[in-house]
Amino acid sequence: MKKRIIAGFFCGWIVLALTGCTVGEEEKVRKVRDLEYTVVKEREIPQDLVEVIETKKAEKFKVTYTDNEYLYISYGYGQQATGGYSISVKDLYESDNAIYFSVEVHGPKRGEEVSQGNSYPYIVVKTEALDLPVVFE
């Protein structure tokens, strides 16, 4: 009985060790093409999207919206205690089965004079409407 338990444990360990090598490996995403985009000014954001952003802006959010002509992709950093934050697009591209979107958030620099009071940094970009899901990286 003791040998069976040890053998079972040893076999289980081998299986975990062998499958563990492949579980951690990520599949490579094949970039089909970079997407052209425009960072949308606040006054040019569609009203329906503005309303969604207003309800979500206190927390981090990732929202997409389409008006059948354009796809709007937005990312919000949530409520911050001061101003001085900015968000820039790191990457926006189409793969075989999705659109990939990544941003970089930049906080105020040490010693930089910033507005006091809460701020809600977010970015909205506009690109062509594609019938693909958006993956936020």
Side-chain angles (χ1 to χ4, degrees):
M1 179 71 171
K2 190 175 184 181
K3 286 183 181 181
R4 262 187 159 169
I5 293 173
I6 292 172
F9 176 76
F10 184 70
C11 288
W13 183 83
I14 289 174
V15 168
L16 284 175
L18 292 176
T19 59
C21 293
T22 58
V23 170
E25 295 177 17
E26 294 180 22
E27 282 187 36
K28 278 281 199 188
V29 174
R30 189 175 80 82
K31 183 188 282 191
V32 173
R33 66 184 172 118
D34 289 318
L35 293 176
E36 291 186 23
Y37 65 90
T38 303
V39 176
V40 183
K41 295 178 182 167
E42 193 170 342
R43 67 181 181 276
E44 297 171 353
I45 300 170
Q47 187 57 37
D48 290 342
L49 181 54
V50 169
E51 291 170 10
V52 171
I53 290 171
E54 281 300 312
T55 64
K56 295 184 175 289
K57 73 180 185 181
E59 303 293 327
K60 287 185 179 181
F61 68 85
K62 302 168 185 173
V63 174
T64 62
Y65 170 82
T66 185
D67 62 6
N68 295 323
E69 185 178 357
Y70 296 106
L71 169 65
Y72 296 84
I73 305 170
S74 57
Y75 173 87
Y77 195 55
Q79 180 177 321
Q80 302 303 311
T82 66
Y85 288 84
S86 65
I87 302 172
S88 60
V89 176
K90 190 172 166 183
D91 214 355
L92 178 61
Y93 64 91
E94 179 184 354
S95 75
D96 290 327
N97 57 2
I99 295 168
Y100 286 80
F101 179 67
S102 62
V103 296
E104 291 179 324
V105 178
H106 309 279
K109 294 182 178 130
R110 188 178 297 251
E112 179 182 358
E113 214 172 291
V114 296
S115 62
Q116 297 304 307
N118 294 335
S119 68
Y120 305 89
Y122 66 88
I123 189 169
V124 177
V125 299
K126 175 174 78 171
T127 189
E128 63 187 279
L130 299 170
D131 192 23
L132 293 170
V134 176
V135 176
F136 290 84
E137 297 185 300

### Query
Given a cutoff of under 4.5 Å between side-chain heavy atoms of I, L, V, M, F, W and Y, with clusters grown through shared members, what are the other residues clustered with Y120?
none
### Task
Mind checking side chain to side chain donor-acceptor pair (under 3.5 Å) for S88 and listing every partner two or more places apart, or none if nothing turns up?
H106
### Any residue meeting side chain to side chain donor-acceptor pair (under 3.5 Å) with N97, in chain and number order, not counting sequence neighbours
S95
Under 4.5 Å between any side-chain heavy atoms of [X] and [Y], yes or no?
X: Y72; Y: T127; value: no
X: D91; Y: V103; value: no
X: L92; Y: D34; value: no
X: V89; Y: Y37; value: yes
X: V124; Y: I73; value: no

### Task
With sequence neighbours excluded, tell me which residues meet ring pair (Phe, Tyr, Trp, His ring centres under 6.0 Å) with Y100.
Y93
### Task
Could you check V134, L132, L130 and say which one makes a side-chain contact (heavy atoms from CB on, under 4.5 Å) with L71?
V134
### Query
For R30, what residues pass the salt bridge (charged side-chain N to carboxylate O under 4.0 Å, His left out) criterion, not counting sequence neighbours?
D96
### Test salt bridge (charged side-chain N to carboxylate O under 4.0 Å, His left out) applied to D131 - qualifying residues, sequence neighbours left out
none
Contacts table for residues 78-87: side-chain donor-acceptor under 3.5 angstrom, sequence neighbours left out:
from : atom 1 : to   : atom 2 : distance (Å)
Q79  : NE2    : N118 : OD1    : 3.3
Q80  : OE1    : Y85  : OH     : 3.4
Q80  : NE2    : Y77  : O      : 3.2

Can you pull out every salt bridge (Lys or Arg N to Asp or Glu O under 4.0 Å) where at least one residue sits in [range]? Sequence neighbours excluded, please.
range: residues 69-85; answer: none
range: residues 104-115; answer: none
range: residues 114-130; answer: R33-E128

Show me the donor-acceptor pairs, under 3.5 Å and distance only, between side chains in residues 38-65 and residues at least two apart or in other chains.
from : atom 1 : to  : atom 2 : distance (Å)
E54  : OE1    : K57 : NZ     : 3.2
T55  : OG1    : V52 : O      : 2.7

### Query
Do Y122 and Y75 belong together in a cluster built from hydrophobic side chains that touch within less than 4.5 Å?
no
### Task
Kindly work out whether a path of hydrophobic side-chain contacts (I/L/V/M/F/W/Y, heavy atoms less than 4.5 Å apart) joins V29 to V135.
yes
### Query
Can you tell me if NZ on K90 sees more than 12 non-hydrogen neighbours from other groups inside 6.0 Å?
no
